[in-house]
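A quick write-up on the structure given underneath.
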Amino acid sequence: MSSIFSKIISEELPCYKIAEDDSFLAFLDINPLVEGHVLVIPKQEIDYLFDIDDSLLKDMVIFSKKVAKRIQKAIPCKRIGLSVIGLEVPHAHIHLVPMQSMKDMNFSNAKLALSSSQLEVIQSKINSVSE
Ligand code: AMP
């Protein structure tokens, strides 16, 4: 299903890119729960994460692991939490959220409204970390 994330993949819309390969893209959530909240998406248009075939899903988790390690080096946090929600955008995605406590994983919390310059600073912090 085509969604706003398809437009990000095709570069019709911009994103704060964190990582990309032939199959996946990782970018900052524009309304993050906390600073450093990243979304990982497959380039294939598929709505629900658990409909992704096993081989691609395995690769997506490995891709997410590499991104999570970079976030953890760039953003002060105890761990990187991983969530699957998908109630807003019908394109499969994994949320990677730097956590100080379990409360940071509460998707009912108010989202941060960050400026583009704040998002750029976070992007460059994460992108300054190589694998
Ligand atoms: P959900 O589908 O419920 O997992 O939520 C979708 C997430 O995508 C939300 O956290 C939004 O803030 C985020 N989001 C929506 N549009 C964009 C966008 N253009 N760039 C980055 N993140 C987005």
Side-chain angles (χ1 to χ4, degrees):
M1 183 190 295
S2 189
S3 74
I4 194 164
F5 289 175
S6 298
K7 292 199 164 100
I8 289 175
I9 293 162
S10 64
E11 298 183 345
E12 284 170 75
L13 286 176
C15 71
Y16 299 91
K17 192 191 292 184
I18 299 299
E20 182 173 21
D21 70 9
D22 289 345
S23 304
F24 308 106
L25 180 63
F27 51 94
L28 295 183
D29 192 306
I30 41 162
N31 290 120
L33 283 170
V34 296
E35 290 192 10
H37 179 170
V38 168
L39 303 176
V40 176
I41 65 172
K43 290 186 175 175
Q44 182 187 342
E45 274 182 1
I46 185 157
D47 179 353
Y48 186 42
L49 189 94
F50 296 120
D51 287 333
I52 293 176
D53 76 56
D54 290 357
S55 169
L56 190 70
L57 187 58
K58 181 192 74 177
D59 291 346
M60 187 170 173
V61 172
I62 293 168
F63 182 90
S64 300
K65 173 183 171 180
K66 289 181 192 155
V67 173
K69 298 256 183 201
R70 288 175 51 221
I71 301 169
Q72 191 152 13
K73 284 185 188 158
I75 307 289
C77 61
K78 291 195 173 144
R79 292 197 174 217
I80 305 297
L82 184 157
S83 270
V84 177
I85 311 289
L87 293 174
E88 183 187 321
V89 179
H91 184 122
H93 51 280
I94 286 173
H95 293 261
L96 298 175
V97 181
M99 291 185 292
Q100 289 295 353
S101 77
M102 202 164 14
K103 290 180 191 155
D104 292 328
M105 292 302 290
N106 183 348
F107 279 75
S108 300
N109 287 347
K111 303 285 187 74
L112 301 181
L114 299 181
S115 66
S116 55
S117 56
Q118 286 173 308
L119 288 163
E120 279 165 12
V121 168
I122 296 164
Q123 179 190 23
S124 59
K125 271 189 205 166
I126 299 171
N127 284 347
S128 70
V129 176
S130 54
E131 278 185 32

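Every number for a ligand or one of its atoms is a count from 1 in the order of the listing. Owing to the predicted nature of the structure, the values given are computational and were not obtained by experimental measurement. We count residues from 1, following the sequence as given.
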Relative to the ring of H37, is the ring of H95 parallel (under 30°), tilted (30 to 60°) or perpendicular (over 60°)?
tilted

Quick one: pull up CG in L49 and CG in L57 and give me the separation to the nearest 0.5 Å.
5.5 Å

With sequence neighbours left out, write down each residue that passes side-chain contact (heavy atoms from CB on, under 4.5 Å) with I62, or none if nothing qualifies.
K58, K66

Could you tell me how the ring of F27 sits relative to the ring of F5: parallel (under 30°), tilted (30 to 60°) or perpendicular (over 60°)?
perpendicular

Just jot down the side-chain contact (heavy atoms from CB on, under 4.5 Å) partners of V34, sequence neighbours excluded, or say none.
V97, P98, D104

Qualifying side chain to side chain donor-acceptor pair (under 3.5 Å) pairs, either residue in residues 40-55, two or more places apart
S6-E45, E20-K43

For ligand 1, what are the residues with a heavy-atom contact below 4.0 Å?
I4, F5, I8, F27, L28, D29, I30, N31, L39, I85, G86, L87, E88, V89, H93, H95, K111

